[in-house]
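A quick write-up on the structure given underneath.
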There are 2 protein chains.
Amino acid sequence: MSRNLTFPRPLTTVDVVILSATTNALEVLLVRRPDAADEPYPKMWALPGGFIDTAKDADLEACALRKLKEKTGVQAPYLEQLGSWGNAKRDPRGWSATHAYFALMGAEDRSRANDHPGSQEAQWFKVEEDRVKERLAFDHGEILKAAVQRLRSKVAYTSLPAFLMPSEFTLSEFQKMHEVLLGRTLEKKAFRTRVLTSELLEEVPRKKEGANRPAQLYRLKNKRRPIFFNRPITGSAID
Amino acid sequence: MSRNLTFPRPLTTVDVVILSATTNALEVLLVRRPDAADEPYPKMWALPGGFIDTAKDADLEACALRKLKEKTGVQAPYLEQLGSWGNAKRDPRGWSATHAYFALMGAEDRSRANDHPGSQEAQWFKVEEDRVKERLAFDHGEILKAAVQRLRSKVAYTSLPAFLMPSEFTLSEFQKMHEVLLGRTLEKKAFRTRVLTSELLEEVPRKKEGANRPAQLYRLKNKRRPIFFNRPITGSAID
DNA sequence: CCAATAGTGTCTGTTAGACAATATACA
DNA sequence: TGTATATTGTCTAACAGACACTATTGG
């Protein structure tokens, strides 16, 4: 069957869609492609990623984490395998396949990423709908789109938005994050009941003060695993 | 950054977890590894799959479909990307990564697969819990487990079980399929209401006769896309 | 009539959606 | 007190879970 090792091997990369959010918008971290004659898509913006280092990377996830760390200095954000894309045309150098991951980064990690002295020019781009304004290298636009769609669809039935929050936050801030991701307002009471009756958050003995009634601060009970709700929250009907 | 093309390229394969079901159990199609000196895991059972043919395969999914067709003769079953597995140890020949897919095959396609004169010994194995009795080649046991878990978790909130049914079936048979996959009985009324109020099925003008009241036969409205329910069906509570 | 399976009626419990009402800060 | 935001109360609708009941076939 497989007169195996003689098959030409596809180029293999790992790319990471690193997402974070301001109070207004979802953002993605992109890096600029090198400007060299032998590099495809020179100077264009692209997802952080690149070839697997078979000497350093024990497995695919380790490779994704390495790239994440190199670009942002962040060790352990929420990380999920997104899918893989491979075909004959996506890379002008030949048949190539990429293993894509997506990472969510809270406010503290986001600032750390901003301070990180990367070897490559890197910048946060606002995500509108499911794309950035720039045309990206390779099929990275498509991969970004898949990541954003995955995140958006999971917002309705998981606690993923929690991984985009700072370490302490109010319920209103948490609701606002959901609304930014969904692009739609949510019903306050339904949101609060849902969140508070789940085992997602715990109170911290502090309030956020302002020119109004202070708001209870909460933090995540489990910084690693998302929780799954068994009914979606959608705000108004989708029809 | 990437002094790229000089990196050693991992071995790259595509594997397919082909699932079908009898009225009693979920089953998976496995093939026997060749018995040759230069082949790893000789004579062991493994998932159908193998190297990408960069000349023939336009993309990863085309490669998965090609392997599916080669092993079963089936053209277009339900096919979904499952994930990728890659590390230094899974293949003794070196750093390797596989892109895994999973396919669901209805009764007719299942018989067609049985009749298909494959180039390699192939056989259906009963899946118990989330494994087969045999130890599989490579990390295929782990990949199978992921496929079965994905299928099982989707049973509760999608119409995936429909893709394991024959082209016409009764609601009782459909319910039984759910029960086989979940390993738990379901409440008849809740099941029927859920299915019938969705847009999943349409009646065919025929009944299934037996030594009892004849049952209405139904068929899938859309043979390609699953539908998503917005509440899970679980039978008894999960606690 | 009996056995067996198909199919329905109806009540309860949970939780999202809508929206009004109340609470607590600062200025 | 007024303004702003936090927090709660309450009613409704949708739908799963439980379980009893009726329907329709062959033997």
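Numbers restart at 1 for each chain; the letters A, B, ... are given by sequence-line order, proteins then strands.
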Among pairs that include at least one residue of residues 207-229 of chain A, which meet ring pair (Phe, Tyr, Trp, His ring centres under 6.0 Å), considering only residues two or more places apart or in two chains?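 For residues 207-229 of chain A: none.
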Length of the [atom1]-[atom2] vector between [X] and [N], whole Å:
{"X": "B:Arg192", "N": "D:dC15", "atom1": "CZ", "atom2": "P", "value": "18 Å"}
{"X": "B:Gln216", "N": "C:dG7", "atom1": "CD", "atom2": "P", "value": "7 Å"}
{"X": "A:Leu217", "N": "D:dA6", "atom1": "CG", "atom2": "C1'", "value": "12 Å"}
{"X": "B:Phe191", "N": "D:dA18", "atom1": "CZ", "atom2": "P", "value": "16 Å"}
{"X": "B:Leu182", "N": "D:dG17", "atom1": "CG", "atom2": "P", "value": "11 Å"}
{"X": "B:Lys188", "N": "D:dC19", "atom1": "NZ", "atom2": "P", "value": "14 Å"}
{"X": "A:Leu196", "N": "C:dT15", "atom1": "CG", "atom2": "P", "value": "13 Å"}
{"X": "A:Ile233", "N": "C:dT15", "atom1": "CD1", "atom2": "P", "value": "13 Å"}

Check each residue of residues 156-179 of chain B for a non-hydrogen atom within less than 4.0 Å of any atom in DNA chain C, then write out the ones that pass by number, or none.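 Heavy-atom contacts with DNA chain C come from B:Ser172.
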Look at B:Arg194 and D:dA16 and indicate whether a side-chain polar atom (N or O) is within less than 4.0 Å of OP1 or OP2.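 Checking B:Arg194 against D:dA16: at least one side-chain N or O falls below 4.0 Å of OP1 or OP2.
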Are B:Thr234 and D:dG17 close enough that a side-chain N or O sits under 4.0 Å from OP1 or OP2?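 Yes.
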Is a donor on one side and an acceptor on the other found under 3.5 Å between the side chain of A:Glu187 and the backbone of A:Lys189?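 Yes, A:Glu187 side chain to A:Lys189 backbone: donor-acceptor pair under 3.5 Å.
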Measure from the side-chain N and O atoms of B:Arg150 to the backbone N and O of B:Leu82, and report whether any donor-acceptor pair falls under 3.5 Å.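 Here the side-chain-to-backbone pair exists.
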Whether A:Trp45 and A:Phe125 hold their rings parallel, tilted or perpendicular, with breakpoints at 30° and 60°: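 Ring orientation, 0 to 90° scale: perpendicular.
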How are the rings of A:His140 and A:Phe138 set relative to one another: parallel (under 30°), tilted (30 to 60°) or perpendicular (over 60°)?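 The arrangement is tilted - the two ring planes meet at 30° to 60°.
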Hydrogens and angles aside, do B:His99 and A:Ser84 bring a side-chain donor and acceptor to less than 3.5 Å of each other?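 Present: a donor and an acceptor within the cut-off.
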For A:Lys145, does the NZ atom sit with more than 12 other heavy atoms under 6.0 Å from it, leaving out its own atoms?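 Not buried by this count: 12 neighbours or fewer within 6.0 Å.
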Which of residues 200-215 of chain B sit near DNA chain D, with a heavy atom under 4.0 Å from it?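 Going residue by residue through residues 200-215 of chain B, the ones with a heavy atom under 4.0 Å of DNA chain D turn out to be B:Gly210, B:Ala211, B:Asn212, B:Arg213, B:Pro214.
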Measuring from the side chain of A:Ala190 (C-beta onward, heavy atoms only), which nucleotide among C:dA16, D:dT7, C:dT8 has the closest atom?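 The listed nucleotide nearest to A:Ala190's side chain is C:dA16.
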Whether A:Arg90 engages the ring of A:Trp85 as a cation-pi pair (distance to the six-membered ring centre under 6.0 angstrom, angle to the ring normal within 45°) should be assessed.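 Judged by the rule, A:Arg90 and A:Trp85 form no cation-pi pair.
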Can B:Thr170 and B:Leu217 be said to form a side chain to side chain contact (heavy atoms under 4.5 Å, CB included), step by step? CA-CA 5 Å; B:Thr170 69; B:Leu217 284 164; 3.7 Å; yes
When you compare the protein's N or O atoms with those of nucleotides 9-13 of chain C, which come within less than 3.5 Å of each other, and at what distance?
unit_1, atom_1, unit_2, atom_2, d
C:dG9, N7, B:Lys189, NZ, 2.7

Can you run down the side chain to side chain donor-acceptor pair (under 3.5 Å) pairs that involve residues 222-231 of chain A, sequence neighbours left out, and say none if there aren't any?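 Residue pairs passing side chain to side chain donor-acceptor pair (under 3.5 Å), neighbours aside: none found.
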B:Glu179: partners by side-chain hydrogen bond (donor to acceptor under 3.5 Å, both in side chains), with sequence neighbours left out: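 With neighbours one apart ignored, the set is B:Gln175.
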